[in-house]
Amino acid sequence: VIVKNNATLTINCTVHFPAGARLIIERGGTVNLNGGTLTNLCEHAMWDGVEVWGNRDELQSHADQGKLIINGGTIENAHEAITLIRRIGSNPIWEYTGGIVQCTTGTLRNNRRSVEFMAYTIEQSASFFRNTTFECTDLLKNQSIYAGQLNHTHVSIYAVNGVEFSNCTFENILHPTVSGNPIADILQSRAILASDAELNVVQNTFTNFNRAIILSTSFRQADVSRINNNVLVNTYQALTISGSPAELEINGNTIDKAT
């Protein structure tokens, strides 16, 4: 399914995608997922997810930025549920970053990765997730590829500033036992992995993760990251920081460390 420039597609029903299929939102296109569900068609096969194209050289307000707006919708059983870059095969086309996703009361369930942000440095991202549930309730559907695996990472962010997560729930329901062994990440996965990025993570709940929030800085100094008033339950490493972030604001978090 391809949503072209200046087109808007509104989905309020369940749409099943076969293996290898994806929903592409081209530059200037908009999809409104209003209470609908995007899911797989075949029981043991996953679909490719939603690809949102942007323009890395334009502001977030520019008409070129593709948009995915979720209000109470669900995306599940995808390899990459939402990715903010264009790909040809497995090759990223870097000029197509900067797309926008704004999710309110949505659910991202049993995806290998729920959201992928790729480098966009013109200004702060307009993307946010509010009152959104990121959850793992089952093994990944395509066990011929992902034998014994749950989702790998809920959110990964590379070189993007300003993505907001507020009042969200991140939870590993299927496998609540936390071992602290990095190898066990295939069973616990990770909630948020950010590299050279600035985050706003406020008033969320993280449950049953070996590593909940990971921040790393290599070559690019991000702006201030705010990790405030979150509740982290049964986590072995609630917050992992490497490199030298420009500035961190960490206040009011409650951590129940796994033993």
Geometric class of the H154/F170 ring pair [parallel <30°, tilted 30-60°, perpendicular >60°]: perpendicular
Check: E123 side chain, Q60 main-chain N or O, donor-acceptor pair, under 3.5 Å: yes
Distance-minimising heavy-atom pair for F17 and V1: CE2-CG2, 4.0 Å
Heavy-atom check, side chain of N40 versus side chain of K141, under 4.5 Å: yes
Shared hydrophobic cluster for L68 and I24 (ILVMFWY, side-chain gaps under 4.5 Å): no
Residue pair V50, V101: steps toward the side chain to side chain contact (heavy atoms under 4.5 Å, CB included) verdict: CA-CA 10 Å; V50 183; V101 54; over 6 Å; no
Exercise: identify the closest heavy-atom pair between A19 and A45: CB-CB, 3.9 Å
Between N167 and N131, a side-chain donor and acceptor under 3.5 Å: no
Contact list for residues 12-21, test salt bridge (Lys or Arg N to Asp or Glu O under 4.0 Å), sequence neighbours left out: none
Non-neighbouring partners of R113 that pass salt bridge (charged side-chain N to carboxylate O under 4.0 Å, His left out), sequence neighbours left out: E80, E116
Criterion side chain to side chain contact (heavy atoms under 4.5 Å, CB included) on I241 and T217, from CA distance to verdict: CA-CA 8 Å; I241 301 171; T217 304; over 6 Å; no
Residues which pass ring-ring contact (aromatic ring centres under 6.0 Å, His included) with F128, listed by chain and number, not counting sequence neighbours: none
Side chains of N5 and R27 in contact at under 4.5 Å (non-hydrogen atoms): no
Step-by-step side chain to side chain contact (heavy atoms under 4.5 Å, CB included) determination, F209 to L232: CA-CA 9 Å; F209 290 96; L232 300 103; over 6 Å; no
Criterion side chain to side chain contact (heavy atoms under 4.5 Å, CB included) on L239 and N253, from CA distance to verdict: CA-CA 11 Å; L239 176 60; N253 298 288; over 6 Å; no
Short side-chain donor-acceptor distance under 3.5 Å, T137 and N110: yes
Connected hydrophobic set around L140, excluding itself, where side chains approach under 4.5 Å: M46, I145, Y146
Close side-chain approach of L174 and L139, heavy atoms under 4.5 Å: yes
Backbone of I214 reached by a side-chain donor or acceptor of Q237 within 3.5 Å: no
For R22, all residues meeting salt bridge (charged side-chain N to carboxylate O under 4.0 Å, His left out), sequence neighbours excluded: D48, E51
Nearest heavy-atom neighbours spanning A197 and A194: CB-CB, 4.2 Å
Rounded distance (nearest 0.5 Å) linking atom CG of D196 with atom OH of Y158: 6.0 Å
Nearest-0.5 Å distance, SG of residue C103 to CG of residue N71: 8.0 Å
Gap between atom CG of N208 and atom CD of E135 - 0.5 Å precision: 12.5 Å
Residue pairs involving residues 88-106 (criterion side-chain hydrogen bond (donor to acceptor under 3.5 Å, both in side chains); sequence neighbours excluded): R86-Y96
Residue pair G29 / V3: nearest heavy atoms and the distance that separates them: CA-CG1, 4.2 Å
Closest non-hydrogen atom pair, N142 against H79: ND2-CE1, 4.3 Å
Donor-acceptor contact present, side-chain T132 to main-chain R130, <3.5 Å: yes
Transitive ILVMFWY side-chain link I173 to V155, under 4.5 Å: no
Donor-acceptor contact below 3.5 Å, side chain E26 vs main chain G66: no
Backbone of N230 reached by a side-chain donor or acceptor of N204 within 3.5 Å: no
Donor-acceptor contact below 3.5 Å, side chain W53 vs main chain G28: no
hydrophobic_cluster_shared for V160 and L59, side chain cutoff 4.5 Å: yes
Any side-chain heavy-atom pair of T207 and V231 under 4.5 Å: no
Euclidean distance, M118 CE relative to S156 OG, rounded to 0.5 Å: 7.5 Å
Check: I25 and K67 side chains under 4.5 Å, non-hydrogen atoms: no
Minimum heavy-atom distance between A191 and A212, given as atom pair plus value: CB-O, 3.1 Å
Value rounded to 0.5 Å, distance of OG in S125 from CD1 in I157: 8.5 Å
Geometric class of the F129/F117 ring pair [parallel <30°, tilted 30-60°, perpendicular >60°]: perpendicular
Connected via hydrophobic side-chain network under 4.5 Å: I69 and L38: no
N/O donor-acceptor pair under 3.5 Å between E198 side chain and G162 backbone: yes
Flag side-chain contact, heavy atom, 4.5 Å: V115 against V163: no
Value rounded to 0.5 Å, distance of CG in N228 from CG in N251: 5.0 Å
Side chain N77, main chain T39, donor-acceptor under 3.5 Å: no
Common cluster, V15/V52, ILVMFWY with side-chain heavy-atom separation under 4.5 Å: yes
Side chain T133, main chain T107, donor-acceptor under 3.5 Å: no
